[in-house]
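Note sheet for the following structure.
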Amino acid sequence: MTKSPTRKSKSGERRVVGLRHIAEDLNVSISLVSKVLSGRLGNSGANKDLIEAIHKRAGELDYRKNHLAAALRTGRQNVIGVLVRRHGSVGSTIVDDMVGGIAAAAMRNGQRLMLQFYESTEQFGDLSRGLRKNVVDGVIMGGLPYPELMPHLVKIHASGVPVVTIHDRQMNSEFTNIGLDQVDVIRAATLHLIDDCHCRRLAHLWIRGEATDLSAVRYQGFLAALKERNLPLIPELVVEVPGFGYDSGLNAGKFLIERGVPFDGIVGQSDEHAVGALNALFLAGKKVPQDVKITGVDNAPICTCSIVPVTSVSQEFRTRGEMAISLLLKALTGTASPSVNFKPVVHIRGSTDPSAKNTYVRS
């Protein structure tokens with residue numbers, strides 16, 4: 001059973017633990033304790049040992065912040081609204097990574113979250129109407145960008161509730177966005193195969209006419225990398241697949257083998273593409289990475305579960321989620337931040353490097 005945030009007085013009665021009790025026990029000021037526990041220490045003089053002692057004593061006394069009192073005093077709720085539409089291929093953890101990064105940074109900064117997932121424009125509209133200044137201090141929106149939702153966000157922002165978005169590209173100049181260019185995702189994977197693995201005949205899996213154009217944009221990254229290294233596009237090695245799933249990768253791998261056109265590398269647009277193609281090669285007696293090297297996208301758990309661990313490109317969603325909290329808190333102090341564009345990171349494993357005992361990173 002969790003003990004209540006109380007302590008015994010000299011008379012034996014129990015009382016609620018406050019900042020004053022922690023300050024008295026450690027012989028420091030209440031102001032310093034408040035700054036440490038609220039994450040607003042700034043340039044205040046406090047060494048690492050003292051900061052750790054304050055957090056430790058607060059934990060021993062089961063101190064809990066009085067959010068209502070803080071809201072009345074500061075006019076802030078210390079609550080951040082988070083709106084996310086789930087996306088990503090099956091087995092991908094990109095949404096979990098993003099939300100995990102947001103949650104971790106929020107906890108470090110003494111912020112609470114009001115997390116909502118939505119599936120349609122109508123649901124988003126209903127949720128957005130509840131994001132008022134007396135409910136949340138700011139809003140983070142993550143996931144795939146939908147232009148039709150921007151009017152709702154503009155209205156929230158105009159009401160005095162700042163908005164930070166985590167989209168591939170900035171959808172509205174009013175909002176700070178933490179983005180990533182999808183062209184760079186496949187470009188990074190392709191350049192790894194060319195520069196580090198010395199591949200010269202590369203196959204690529206893509207989805208023509210994919211609803212969000214994500215696959216088409218990534219295909220441009222494949223073409224850009226070939227052009228940068230003066231390598232020809234081999235049309236027979238570009239395979240159209242119906243989706244981002246495992247079956248698409250498996251069937252594409254079989255197709256490439258049956259077609260008989262030589263190739264030494266495969267650039268998949270998902271980790272399922274990569275694992276599916278890898279298994280097709282194994283079934284045909286091919287060795288990975290000795291005969292063919294393979295990369296995927298998303299750095300999902302499936303990469304390390306494959307018979308040969310798969311090299312993959314991370315979109316850095318956890319770090320982007322953490323940054324969203326940081327930039328939103330700056331916005332709450334009146335400090336505007338420019339939008340940021342992250343670079344994807346290649347996590348190198350056995351499917352491209354036979355000596356890779358553990359993952360190592362090439363940014």
Side-chain angles (χ1 to χ4, degrees), residues 89-93 185-208 210 215 218-219 221-223 225-226 229 231-314 346-362:
S89 55
V90 176
S92 166
T93 59
V185 171
I186 296 298
R187 176 179 171 274
T190 307
L191 289 178
H192 166 59
L193 291 181
I194 296 171
D195 295 344
D196 301 333
C197 305
H198 311 295
C199 294
R200 292 298 178 266
R201 297 182 62 85
L202 292 174
H204 182 56
L205 282 54
W206 77 301
I207 310 166
R208 185 187 296 274
E210 197 263 329
S215 188
R218 288 180 173 176
Y219 179 51
F222 178 69
L223 297 178
L226 292 180
R229 297 301 185 261
L231 290 178
L233 172 69
I234 304 172
E236 295 83 2
L237 296 181
V238 177
V239 183
E240 290 184 37
V241 295
F244 290 103
Y246 172 84
D247 287 343
S248 290
L250 181 68
N251 292 329
K254 292 177 180 177
F255 176 79
L256 285 167
I257 294 166
E258 291 169 358
R259 174 168 272 187
V261 178
F263 60 94
D264 55 9
I266 298 177
V267 181
Q269 290 201 3
S270 71
D271 293 326
E272 288 75 14
H273 279 178
V275 174
L278 186 151
N279 286 347
L281 293 175
F282 264 66
L283 291 172
K286 301 289 185 181
K287 295 180 180 179
V288 176
Q290 289 83 357
D291 298 330
V292 179
K293 296 172 173 59
I294 301 176
T295 62
V297 173
D298 282 343
N299 200 36
I302 193 175
C303 292
T304 56
C305 297
S306 174
I307 189 169
V308 174
V310 172
T311 292
S312 184
V313 182
S314 167
V346 180
H347 295 261
I348 301 172
R349 301 187 178 91
S351 69
T352 62
D353 184 354
S355 67
K357 304 291 185 185
N358 300 296
T359 296
Y360 61 97
V361 171
R362 181 182 189 272

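- Within the 4.5 Å cutoff, the side chain of Asp196 has no heavy atoms near those of the Thr352 side chain.
- Put simply, the side chain of Ile194 reaches to within 4.5 Å of the side chain of Leu202, judged on heavy atoms.
- Closest of all the heavy-atom pairs between Ala189 and Val267 is CB-CG1, 4.3 Å.
- Under the 3.5 Å distance criterion, the side-chain polar atoms of Asp271 are matched with a main-chain donor or acceptor of Ala300.
- Judged by distance alone, with hydrogens and angles left aside, the side-chain atoms of Ser248 form a donor-acceptor pair with the main-chain N or O of Gly243 at under 3.5 Å.
- Applying the side-chain contact (heavy atoms from CB on, under 4.5 Å) criterion to Leu233, with sequence neighbours excluded, gives Tyr219, Phe222, Leu223, Leu226, Val238.
- The stretch residues 253-266 participates, sequence neighbours left out, in no side chain to side chain donor-acceptor pair (under 3.5 Å) pair at all.
- When all heavy atoms of Val308 and Ser351 are compared, the closest pair comes out as CG1-N, 3.5 Å.
- When side chains are defined from C-beta on, Ile186 counts as touching His204, because their heavy atoms get closer than 4.5 Å.
- Judged as a side-chain contact (heavy atoms from CB on, under 4.5 Å), and not counting sequence neighbours, the contacts of Ser314 are Asn299, Glu316, His347.
- Under the side-chain hydrogen bond (donor to acceptor under 3.5 Å, both in side chains) criterion, Thr295 pairs with no residue, sequence neighbours left out.
- Checking side-chain atoms of Arg349 against main-chain N and O of Val310 turns up a donor-acceptor pair under 3.5 Å.
- A distance-only check finds no donor-acceptor pair linking the side chain of Ser306 to the backbone of Cys303 [under 3.5 Å].
- Side-chain contact between Phe244 and Glu272 is absent, with no heavy-atom pair separated by less than 4.5 Å.
- Under the side-chain hydrogen bond (donor to acceptor under 3.5 Å, both in side chains) criterion, Arg229 pairs with Asp195, not counting sequence neighbours.
- Residues passing the salt bridge (charged side-chain N to carboxylate O under 4.0 Å, His left out) test with Arg187, sequence neighbours excluded: Glu228.
- In this structure, the side chains of Val241 and Gln269 stay at 4.5 Å or more apart for every pair of heavy atoms.
- Glu240 meets the side-chain hydrogen bond (donor to acceptor under 3.5 Å, both in side chains) test with Arg208; sequence neighbours excluded.
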Which side-chain N or O atoms in residues 274-291 pair as donor and acceptor under 3.5 Å with protein atoms at least two apart or in another chain?
{"residue": "Asn279", "atom": "ND2", "partner": "Tyr246", "partner atom": "OH", "Å": "2.9"}
{"residue": "Asp291", "atom": "OD2", "partner": "Lys287", "partner atom": "N", "Å": "2.8"}

